[in-house]
Amino acid sequence: MHIPVTTLNDGLTVPEIGFGTYKLNGNVGVNAITSAIDIGYRLIDTAYNYENEGTVGEAIRRSTTPREQLLITSKLPGRYQPYDKAVIAIQESLYRANLDYYDLYLIHWPNPQQDIYVEAWQALIDAKKWGLIRSIGVCNFLPEHLERLDKETGVLPSMNQIELHPFFNQEALRKWHEEHNVKTESWSPLGRASAVLQNDTIGEIADQHQKTISQVILRWHYQLGAISIPKSSTPSRQLENISIFDFSLSESEMTTISKLTLPDGRLKGQDPAIYEEF
């Protein structure tokens with residue numbers, strides 16, 4: 001399975017599609033993640049708060065794919081944003097997964113009311129210098145948060161993982177990313193399997209390409225320049241989700257899908273300007 005790659009602003013090369021692991025826990029989770037790796041996924045996304053870093057680590061150990069061919073992402077929770085706590089949490093993340101390093105480590109939410117995300121960012125900068133992380137980024141940051149990181153530390157994230165799907169296309173934030181060489185990564189790329197997968201407009205496009213709605217949506221992400229991280233515990237669905245590089249959407253089809261966006265299409269109303277995650 002050939003997956004296109006992209007190079008981040010710090011030189012790390014990553015696949016243009018990855019595998020999400022939220023709620024994949026225990027032995028069932030290990031089997032699902034091992035299956036995904038066997039099918040061809042190389043970018044695996046977890047988080048401290050998913051409580052499955054150990055599951056991801058076990059899947060890596062059971063897989064026949066060498067560790068150095070995999071790119072593993074985890075994320076720092078809000079309760080550990082103070083610098084000293086962040087340093088310990090990063091180490092704890094590694095211990096849980098039994099890994100020597102993470103390829104990507106992200107701040108999970110800015111938590112602006114706490115106003116210590118710059119401190120957390122400094123911990124990630126230092127952890128990268130110490131060799132614990134290869135590339136550092138954030139999730140759910142708005143331009144004002146990103147600008148502050150750059151202003152106060154001189155280091156912009158390599159990526160920003162954001163809620164992005166056809167009902168919430170994040171056009172303005174994606175444009176900011178492009179202008180500042182920050183890679184967009186999409187969480188819930190299929191809209192948490194909500195109404196978007198029943199959408200007639202996307203269904204018509206899918207029929208024309210003889211693809212599934214999921215494949216069309218994931219191709220839309222790819223052509224937007226965003227890395228998507230779909231999750232599935234079913235091997236056939238895992239293969240379907242990764243099989244999006246043998247067709248392309250026209251400009252008009254891309255526009256049609258993007259126009260499905262809603263004024264606030266967030267699935268759970270998690271606005272990073274006010275949402276707090278611990």
Side-chain angles (χ1 to χ4, degrees), residues 1-9 12-20 35-45 69 71 73 104 137 158-232 234-262 265 267:
M1 175 71 64
H2 174 70
I3 300 172
V5 296
T6 186
T7 302
L8 305 181
N9 62 21
L12 184 70
T13 300
V14 297
E16 288 276 18
I17 191 168
F19 185 72
S35 163
I37 294 170
D38 290 346
I39 282 167
Y41 290 88
R42 293 294 176 263
L43 176 64
I44 310 295
D45 181 86
Q69 292 181 21
L71 292 106
T73 305
L104 285 143
S158 63
M159 71 163 50
N160 187 13
Q161 186 187 115
I162 58 174
E163 179 175 358
L164 174 55
H165 44 78
F167 290 166
F168 197 57
N169 71 30
Q170 294 271 30
E171 184 176 3
L173 185 51
R174 286 189 291 104
K175 185 169 186 287
W176 193 98
H177 289 166
E178 281 176 34
E179 290 170 353
H180 295 85
N181 196 21
V182 174
K183 186 67 178 181
T184 301
E185 189 172 54
S186 314
W187 62 259
S188 287
L190 299 173
R192 287 181 179 156
S194 64
V196 73
L197 291 184
Q198 264 67 78
N199 185 270
D200 291 340
T201 302
I202 304 174
E204 287 172 16
I205 294 171
D207 289 344
Q208 287 167 14
H209 290 277
Q210 295 187 302
K211 293 289 180 180
T212 66
I213 287 180
S214 296
Q215 287 173 318
V216 166
I217 294 171
L218 294 170
R219 180 71 196 190
W220 172 78
H221 284 274
Y222 171 62
Q223 290 183 217
L224 285 180
I227 298 171
S228 58
I229 44 171
K231 179 196 80 172
S232 176
T234 312
S236 59
R237 189 68 51 76
Q238 292 172 352
L239 180 59
E240 175 190 313
N241 286 344
I242 211 172
S243 302
I244 60 165
F245 300 108
D246 59 350
F247 76 106
S248 60
L249 300 171
S250 68
E251 274 188 47
S252 65
E253 288 170 331
M254 288 291 294
T255 301
T256 297
I257 296 170
S258 292
K259 280 183 176 174
L260 296 172
T261 199
L262 302 168
L267 294 170

N/O donor-acceptor pair under 3.5 Å between Q161 side chain and W187 backbone: no
In Å, rounded to the nearest 0.5 Å, how long is the span from NE2 of H180 to CG of N160? 12.5 Å
Looking at every non-hydrogen atom in both residues, tell me the closest pair between I202 and V216 and how far apart they are. CG2-CG1, 3.8 Å
Check: S158 and L12 side chains under 4.5 Å, non-hydrogen atoms: no
Heavy-atom side-chain proximity of W176 to V182 below 4.5 angstrom: yes
If you measure from the Lys or Arg side-chain nitrogens to the Asp or Glu carboxylate oxygens, is any gap between K175 and E171 under 4.0 Å? no
Nearest atoms (heavy-atom pairs only) where L190 meets P230: CD1-CB, 4.4 Å
Using a strict 4.0 Å threshold on nitrogen-to-oxygen distance, state whether R237 and E240 make a salt bridge. yes
What is the distance from atom OG1 of T6 to atom CD1 of I17, rounded to the nearest 0.5 Å? 14.0 Å
H209 and Q215: side chain to side chain donor-acceptor pair (under 3.5 Å), yes or no, with the steps? CA-CA 10 Å; H209 290 277; Q215 287 173 318; over 6 Å; no
Result of checking V5, L8, T73 against V14 for side-chain contact (heavy atoms from CB on, under 4.5 Å): L8
Side chains of S250 and S252 only: does a donor on one sit below 3.5 Å from an acceptor on the other? yes
Is there a side-chain contact between I242 and F19 (heavy atoms, below 4.5 Å)? no
Rounded at 0.5 Å granularity, tell me how far CD1 in I227 sits from CG in L43. 6.5 Å
Value rounded to 0.5 Å, distance of OG in S258 from CG in L224: 5.0 Å
When you compare the side chain of I37 with that of R42, does any pair of heavy atoms fall below 4.5 Å? yes
More than 12 heavy atoms from other groups under 6.0 Å of CD on E179: yes
Atom of P189, atom of H221 and distance for their closest heavy-atom approach: O-NE2, 2.9 Å
Side chain to side chain, L197 and I217, heavy atoms closer than 4.5 Å: yes
Nearest heavy-atom neighbours spanning N9 and N181: ND2-O, 3.0 Å
For the side chain of S232 and the backbone of T234, is there at least one donor-acceptor N/O pair under 3.5 Å apart? yes
Backbone N/O of L267 and side chain of R192: donor-acceptor pair under 3.5 Å: no
Minimum heavy-atom distance between E16 and K183, given as atom pair plus value: OE1-NZ, 3.4 Å
Heavy-atom closest pair (W220 atom, L164 atom, distance to 0.1 Å) is CH2-CD1, 4.2 Å
State, yes or no, whether a side-chain contact exists between F168 and S188 at a heavy-atom distance under 4.5 Å. no
My understanding is that only residues two or more places apart in sequence, or in another chain, count here; which of them pass salt bridge (Lys or Arg N to Asp or Glu O under 4.0 Å) with K231? none
Close side-chain approach of I162 and T184, heavy atoms under 4.5 Å: yes
Would you confirm whether S228, through its side chain, and L218, through its main-chain N or O, come within 3.5 Å as a donor-acceptor pair? no
Would you give the length of the straight line joining atom CD of Q238 to atom CD1 of I39, rounded to the nearest 0.5 angstrom? 4.5 Å
With a 4.5 Å heavy-atom cut-off, do T256 and L249 have their side chains touching? no
